[in-house]
2 protein chains.
Amino acid sequence: MISVMIVDDDPFVSGSLKIILDNETDIEVKAVAGSGEEAVKLASSVDPDVIVMDIRMEGMNGTEAAEQIIKNGSKAAILFLTTFLDDEYINKALKIGAKGYIIKQDCGSLPSSVRAVASGQAVFGGKVVEKLPDLLNRKDNFDPAEFDITGKELEVIKLVADGLSNKEISEKMFLGEGTVRNMVSSILTKLDLRDRTQLACFYYQKMV
Amino acid sequence: MISVMIVDDDPFVSGSLKIILDNETDIEVKAVAGSGEEAVKLASSVDPDVIVMDIRMEGMNGTEAAEQIIKNGSKAAILFLTTFLDDEYINKALKIGAKGYIIKQDCGSLPSSVRAVASGQAVFGGKVVEKLPDLLNRKDNFDPAEFDITGKELEVIKLVADGLSNKEISEKMFLGEGTVRNMVSSILTKLDLRDRTQLACFYYQKMV
DNA sequence: CTTCGAAAATGACATATGTCATTTACAAAA
DNA sequence: TTTTGTAAATGACATATGTCATTTTCGAAG
């Protein structure tokens with residue numbers, strides 16, 4: 001018998017989910033939480049096999065709650081539900097170690113997803129997989145403003161990360177070579193880097 | 001009722017899988033193929049909901065067969081089985097549009113995986129997900145041997161792509177700075193690049 | 001018009017880098 | 001043992017790079 005905890009801040013949704021899952025003979029909904037905070041508390045007392053959790057909630061959201069629950073030592077497999085494609089979250093969900101990420105819309109497949117997750121597999125909604133390659137590549141959003149990087153400097157960064165020399169950059173941007181040199185220097189200072197190679201590394205690791 | 005086709009060049013394996021799946025009341029094994037070629041033929045005549053297929057087979061391998069089957073217009077969800085972690089294939093499997101990639105070892109979870117896949121979800125073996133971020137980012141184009149790049153040189157490349165100077169690299173590898181300089185020079189020649197920055201770019205674009 | 005400030009440019013300098021010819025070290029092969 | 005081949009090191013050199021102080025340009029604000 002698979003024991004499940006449902007977490008959703010919309011009572012209608014959590015109710016529906018409960019009905020769907022309780023209808024299965026091999027699945028038992030042991031608890032229903034209405035918030036991330038409640039989920040954290042219940043998780044340790046109920047200790048379910050699977051946690052079906054909405055990822056977007058008021059207050060503590062799904063990933064935060066999951067992080068806490070895992071930190072508390074729960075062995076539960078966490079299955080995230082999302083209304084549509086909340087791109088932003090999937091990356092974090094994977095990092096945390098979630099075992100599933102599926103779309104609320106097709107709740108018909110929920111029971112089989114729960115079983116698959118309970119048996120150690122990871123499940124992703126059909127559409128999610130297709131986007132996976134792109135989503136995973138996404139870096140932590142680099143905000144040029146935060147480092148006082150101007151538009152022109154951003155352009156220089158890209159050209160450096162393309163392997164161009166100062167001279168080549170100057171020709172491409174219609175500037176003097178010395179100017180480019182100064183710009184690179186200023187960029188390096190702002191980003192606390194040492195040389196253009198480190199700048200290229202920074203670009204590929206944090207920006208692209 | 002979910003109709004399934006099994007593909008594996010090892011009769012013992014395909015037999016076992018058939019027994020496991022036929023044991024489920026809602027799953028029916030409609031066909032068993034012993035090779036990729038046979039799978040392609042059978043797929044169009046049997047038209048199963050799910051194809052459970054070994055990825056590593058003699059002759060036409062799993063991904064090739066899958067590619068052909070999909071091209072032939074089958075709507076079957078394809079679930080790849082792999083003996084261990086065949087890293088190389090998962091990338092291709094995802095590109096093709098496979099719906100699952102799980103480890104043969106835990107065949108106990110196979111039925112639930114089949115159901116999940118049949119209902120439109122995508123399933124990955126537990127260990128696979130953890131490696132997913134790395135695997136997806138891998139660019140499979142670069143072969144060090146093709147460019148005569150030795151192991152030590154490969155190490156240097158990585159350190160350059162980490163933003164280290166020749167001096168820092170030399171300390172890390174217990175070599176003279178001049179030696180590192182020569183190695184970098186030789187690498188640049190082999191890869192037809194101009195400077196270390198281009199090398200870093202190459203690394204991030206073609207290798208990592 | 002003048003003033004002001006940012007962007008662009010210049011020149012000088014120290015250092016890092018890449019290339020090349022040559023030498024040394026050392027282990028495998030003869 | 002000698003020979004040989006390769007990795008490692010050295011030294012010399014030209015060039016690219018990064019930093020800094022200073023100057024020029026030029027458009028907007030006064």
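In the text below, chain A, chain B and the rest are named by the order of the sequence lines, each starting its count at 1.
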Determine all donor-acceptor pairs shorter than 3.5 Å in which one atom belongs to a side chain in residues 179-186 of chain A; sequence neighbours excluded.
{"from": "A:Asn182", "atom 1": "ND2", "to": "A:Gly178", "atom 2": "O", "distance (Å)": "3.4"}
{"from": "A:Ser186", "atom 1": "OG", "to": "A:Glu153", "atom 2": "OE2", "distance (Å)": "3.1"}

Rounded off to whole Å, could you give me the [atom1]-to-[atom2] distance for the [X] and [N] pair?
X: B:Leu188; N: D:dA16; atom1: CG; atom2: P; value: 15 Å
X: A:Leu164; N: D:dA16; atom1: CG; atom2: C1'; value: 14 Å
X: A:Leu193; N: D:dT19; atom1: CG; atom2: P; value: 10 Å
X: B:Ile187; N: C:dG18; atom1: CD1; atom2: P; value: 10 Å
X: A:Arg194; N: D:dT17; atom1: CZ; atom2: C1'; value: 13 Å
X: B:Lys190; N: C:dT19; atom1: NZ; atom2: P; value: 13 Å
X: A:Arg196; N: D:dT17; atom1: CZ; atom2: P; value: 5 Å
X: A:Lys152; N: C:dA7; atom1: NZ; atom2: P; value: 9 Å

Fill in the blank from the handout: Per the under-4.0 Å heavy-atom filter, residues of residues 165-173 of chain A near DNA chain C come out as none
Problem - Close residues, residues 153-162 of chain A, relative to DNA chain C [heavy-atom separation under 4.0 Å] - result: none
Practice task
Please indicate whether A:Lys71 has more than 12 foreign heavy atoms, meaning atoms of other residues, nucleotides or ligands, lying under 6.0 Å from its NZ.
Solution key: no
Side-chain contact, heavy-atom cut-off 4.5 Å: [X] with [Y]?
X: A:Ile157; Y: A:Met207; answer: yes
X: A:Ile6; Y: A:Met53; answer: no
X: A:Leu110; Y: A:Leu79; answer: yes
X: B:Leu188; Y: B:Arg194; answer: no

Problem - Distance-minimising heavy-atom pair for B:Leu81 and B:Val52 - result: CD1-CG1, 3.5 Å
Fill in the blank from the handout: Correct closest heavy-atom pair for B:Glu64 and B:Met60 would be OE1-CA, 3.4 Å
Handout entry: A:Asn72 and A:Ser74: side chain donor to acceptor below 3.5 Å
Key = no
Exercise for the section: Not counting sequence neighbours, which residues clear side chain to side chain contact (heavy atoms under 4.5 Å, CB included) with B:Lys41? List them please. Expected result: none
Please write out each protein N/O paired with an N/O of nucleotides 9-14 of chain D under 3.5 Å, distance rounded to 0.1 Å.
{"from": "D:dA9", "atom 1": "OP2", "to": "B:Gly176", "atom 2": "N", "distance (Å)": "2.7"}
{"from": "D:dA9", "atom 1": "OP2", "to": "B:Thr179", "atom 2": "OG1", "distance (Å)": "2.7"}
{"from": "D:dA9", "atom 1": "O5'", "to": "B:Thr179", "atom 2": "OG1", "distance (Å)": "3.4"}
{"from": "D:dT10", "atom 1": "O4", "to": "B:Asn182", "atom 2": "ND2", "distance (Å)": "3.0"}

Problem - Terminal helix-axis angle for the helix from C:dC1-D:dG30 to C:dA30-D:dT1, with five pairs defining each axis and rounding to 10 degrees - result: 20°
Practice task
Report the distance from atom CD of B:Glu171 to atom CG of B:Leu159, rounding to the nearest 0.5 Å.
Solution key: 12.0 Å
Problem - Matching residue for A:Thr197 among B:Asp195, B:Asp162, B:Thr197 - test: side chain to side chain donor-acceptor pair (under 3.5 Å) - result: B:Thr197
Handout entry: Parallel, tilted or perpendicular: rings of A:Phe147 and A:Phe142 (30°, 60°)
Key = parallel
